[in-house]
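Input: a single structure, listed below in C-alpha cells.
Sequence lines set the chain letters: A, B, ... in the order given, protein chains first and strands last, and positions in each chain run from 1. FYI, side chains are in, hydrogens and waters are out, and symmetry mates aren't considered; it's all heavy atoms of this structure. Since we're looking at a predicted model, the values are computed, not measured.
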Amino acid sequence: MSEKATISSKNSAEDSEDEGPLSSTIKMRSGGEPSVKKEIEEKPLASEATQNGSIKKENEQLNSPKALNKRLLGDSSTPTQSSVKKPRLSESSVSAKAKQVSVKAEVKTEDDDDDDDDDVPIAERLKKAAVAAGTSQPKKKTITKVVSSSLKTSKKSKKIIKKSQYSKSIKLQPSSGDGQKWTTLEHNGVIFPPDYTPHGVKMLYNGQPVDLTPEQEEVATMFAVMKDTDYATKEKFVENFMNDWRGVLGRNHIIKKFELCDFTPIYDWHQREKEKKKQMTAEEKKALKEEKMKLEEKYMWAVVDGVKEKVGNFRVEPPGLFRGRGEHPKMGKLKRRIRPSDITINIGKGVPVPECPIPGQRWKEVKHDNTVTWLAFWIDPINSKEFKYVFLAASSSLKGQSDKEKYEKARLLKEYIHEIRVNYTKDFTNKDLAKRQIAVATYLIDKLALRAGNEKDDDEADTVGCCTLKVENVSLVPPNKIEFDFLGKDSIRYQNTVDVELPVYKAIGQFKNGKKDGEDLFDKLDTSKLNAHLKELMPGLTAKVFRTYNASITLDDQLHKNTKDGDVGLKVTTYNLANKEVAIICNHQRTESKSHTAQMGRLKDKMKELRDEVDKLKVDLERAKKGKPPVKEYDDEGKEKVKRNLAPDAYQKKINSTNAKIEKMERDMSTKEELKTIALGTSKINYLDPRISVAWCKRHEVPIEKIFNKSLLAKFAWAMDVDPSFRF
DNA sequence: GCCAGCACTTAGGACGGGGTTA
DNA sequence: TAACCCCGTCCTAAGTGCTGGC
C-alpha cells in the first residue's frame, strides 16, 4: 500500500441526467457520422490551418498505398539485412481519417463561453453543471478560415517569444507511411560504467571481519549503501538479495544468515566517501565534471538523416540491486553487470559500426533496422522477457514527430467523443454482458482518465488498471456513488468516490454479483478487446488517448475560463492551478518530502513573527500620531534596542509592506501544502499539448520560459510557432 | 483468438547545483 | 558559512499497445 496521501476527487455530485455526458450540443451529422466529410476534403482542418500546411502533408503521406505494406520476413539478425515492419495502423489511420472530420475553422475568443460540453472533460462538466443550471447559450464567433499569418500577435508578445533562444520552431518531417523511421543513422554506441574498484573495507559476520573477493564485496556494498532506505527493511528485498548474494559467495562461504551480517563498516566508508566528494572545492568538482564530459561527449550524439540529435540514455545501466516499486516480488535481486556481448547495436548501413569501448570484447549483434528508433538494446537482467533500449532524447525530431501525432490523435477524439458517449451510454443496459462491460469500462476511462489495465504476470507488483480492476477495488455507495480504491501504475494508490449515472451503478453491481474478492470486475474484458472496440469508433483510438484528451482539454478549458488581466505572476499562478487540476485527474502523485512538516513549521513561525511585527508597528503608529516615541524594546540580554522615531506615514508604509509580505507568504504556504503530494511535472511532460501553453503565452504575453524549462523548450520546439489562436 | 515478443511512452524518486536565508 | 530549499536532470521501472505466429 502506498504511503502517499490520496488525491481527493474533484468529481462531484452534480452528475445529473441532464448534465451527464450526453447533455452537450454537438456538431454531428444526422446519420450519426461524425462531421462533414465532403467539406473536409475541400477545406483544411482547423489544425492544418494553424500548422503551415504541415499536417496536410502528413496526411497525404500516411494515406499512401505504401502505408499498407506488410512486414517482410527477412532475417533481421543478419547485419546486412534490415527488416521492414508493417506500419502501425494508428500511425496511418488517424491522419487518414482526419480528412473525414469536420471542419469549419472556428475561433472562439477568450470571452466566449464554451457551448459544446463535449469539448470539456466530464469531471469538469460535472462541476460546471451545478453552477451553470439555467445559463444562457453563449455566443460563438465563426469564421470561415484561420490562417496563422492573418492573426496578429501583438508586438510586445512577439518580442517576448522572439527573446527566447528556444522559441525557434523546428519543422518536423512527417513520418513516412511505410514504417521507415530514418534513412541514415550514425552514432557511437553506448558507454559502460567503470569496472568495480574494491575498497577493502571489511564487513562483519557474527561480529568478526570477513574477507570477500571483489565480486562478493561489490554486492555487499550494493546492500550496504542502501542500509538506510526502506528497501533494506523489507523482508522480500533482503530475501532476494541474500539468495543472489549467496550465489556469488559460493556454497561453502562462512556467510549464511542475513541476521549475522553487519554492513556498517562499508556503510560508514560510503558515507565518508560521500562527504569527501561534498567537500571538494568548486574547481575540483568542475575538473571532474569536465573530465566526465570529455569521456562521454562522443556518445551523447547521433546523426539522423544528416541532423545531429541528442541521445537520451547512452549510459549502460550499472549493476545494482533491483529497486522495484511497491511490493515487487523481485525487489533486492542482483541486477548483473551488462557487457558489450549483451548489447545489440542498430545503425545505418554503410557507416562505421561503433567501436566496442571495452578492449577484447565485441557487441552481441549489429542490425540495420530503419523501421525502429532504438540505437541499442540489451535484455533486462531482471526480467529476461524485457528489453532495455537506448533511444534518442526527447528533443529529437523523431520523438517530436511522434509527440505531435499523439496530440493530433487526442484532438481528433474531440470530433468523435459525443458519439462515443452516446454509444456507451446506450450499452450500459445492453443484454450482452460483454458489451455492457465494454460500455462501463469505456465510461470509466473517459470519465476518470483511468489507465487501460493490461494483464500482469505473477512476478510483477500487484497493480491494476481499468480492465484489471478486482471486485474489492470497487464499492457501491448508495444511491449512486462508486468508491474506487486500488494500486495503479508504480503502486500509486487511486482512491476516489464518484457519482455515476444510475445505469452504471447498477451495471457495476451486476458485475460484482456472485464474485469473490480477487476476481476480475470485468471478467469478459481485456485491453485488446477494449481497444479493438474503440478502434471501431474512431481510427487509431485506444484507451490511453482518453488520458491525453482529458488532460489537454482540461488545461485548455481552465486557462480559457480563468485567465484574468494582471501581472505575469498572476497568470503563471492561473496556469499552475490548471496544471494542478490535470495532475489530480491523472492521479499524478509524489511522496511528501521528509522535511515538509518542518518546513511548514518554520514558515508558520516566520508568519507569526511578521504578524507580531505588524502589531508592534500599529502601536508605534498610534503613539507617533500623538507625538510619542515608539515603545521601548529589549534584546535577549536585556539591552535596549535602538528604535528611531518615525513619522506616522513611515509607520503606515512599514505596516503595508509587512502585510504584503504576510499575504504572499500565506499564498505560498497554501500552495506548498496543496502541492505536497501532487506532481505537476508528469502531465506537463506527457499529457498537455504544448501548443495550448505556447498559444496561451502568446495571447497573454507570458514569456514561455515561465512555463517550460530548458528541457521542455527543447522537447517542444516543434510547438513554438503555433498560432496564438490555437485551441486544443 | 490468444500469446509472446517487441517497441515505445509514461512515471516517480534520487541526486546535485545553485540561489537564498539565517 | 552553513543550512536549507527549489528545481532541473538523470535514472530506470512500469506502463500501453502493436504485430506475427500458432
Establish, for the pair A:K234 and A:F237, whether the NZ or CZ atom is under 6.0 angstrom from the six-membered ring centre and no further than 45 degrees off its axis.
no
What contact category does A:G488 fall into here, base, sugar-phosphate, or nothing, at under 4.0 angstrom with non-hydrogen atoms?
sugar-phosphate
OP1 or OP2 of C:dC5 sitting under 4.0 Å from any side-chain N/O of A:Q599?
yes
Heavy atoms under 4.0 Å, any strand shown: does A:K544 hit a base, just sugar-phosphate, or nothing?
sugar-phosphate
Where do N or O atoms of nucleotides 19-22 of chain B meet protein N or O atoms at under 3.5 Å, pair by pair?
| from | atom 1 | to | atom 2 | distance (Å) |
| --- | --- | --- | --- | --- |
| B:dA22 | OP1 | A:K606 | NZ | 3.1 |

Which of A:T554, A:T548, A:N579 passes side-chain hydrogen bond (donor to acceptor under 3.5 Å, both in side chains) with A:S683? It is A:N579
Interatomic distance where CZ belongs to A:R325 and C1' belongs to C:dA13 [whole Å]
4 Å
Assess the side chains of A:T468 and A:D520: does a donor N or O sit below 3.5 Å from an acceptor N or O?
no
Sugar-phosphate, base or nothing in reach of A:K330, heavy atoms under 4.0 Å
nothing
Length of the CE-P vector between A:M226 and C:dT12, whole Å
12 Å
At 4.0 Å (heavy atoms only), tell me whether A:F377 reaches a base, stays on the sugar-phosphate, or touches nothing.
nothing
Touch class at under 4.0 angstrom, heavy-atom based, for A:E386 against every strand present:
nothing
Does the ring of A:F391 carry A:K399 above it, NZ/CZ under 6.0 angstrom from centre and within 45° of its axis?
yes
Any side-chain donor paired with an acceptor under 3.5 Å for A:T344 and A:K367?
no
May I ask you to say what A:N454 touches in the nucleic acid, namely base, sugar-phosphate or nothing, with a heavy-atom cut-off under 4.0 Å?
base
Scan A:S528 against the nucleic acid and name what it touches under 4.0 Å (heavy atoms): base, sugar-phosphate only, or nothing.
nothing
Test of ring centre spacing under 6.0 Å for A:F322 and A:H328
yes
Touch check for A:G453, heavy atoms < 4.0 angstrom, all strands: base, sugar-phosphate only, or nothing?
sugar-phosphate
Need one value for A:K406: base, sugar-phosphate or nothing, where a base atom within 4.0 Å counts as base even if backbone is also close, heavy atoms only.
sugar-phosphate
Of A:T373 and A:K385, the one whose closest nucleotide on DNA chain B sits nearer the 5' end is A:K385
Nearest to the A:N686 side chain among C:dC10, B:dC8, B:dT10, which nucleotide is it?
B:dT10
Here's a test of your reading of the structure: between A:L712 and A:N313, which maps to the more 5' nucleotide of DNA chain C?
A:L712
Would you mind classifying the nucleic acid contact of A:A461 as base, sugar-phosphate or nothing, using non-hydrogen atoms under 4.0 angstrom?
nothing
Salt-bridge criterion met for A:E705 and A:K710 (N-O under 4.0 Å):
no
Judged by each residue's nearest nucleotide on DNA chain B, which is more toward the 5′ side, A:Y407 or A:K274?
A:Y407
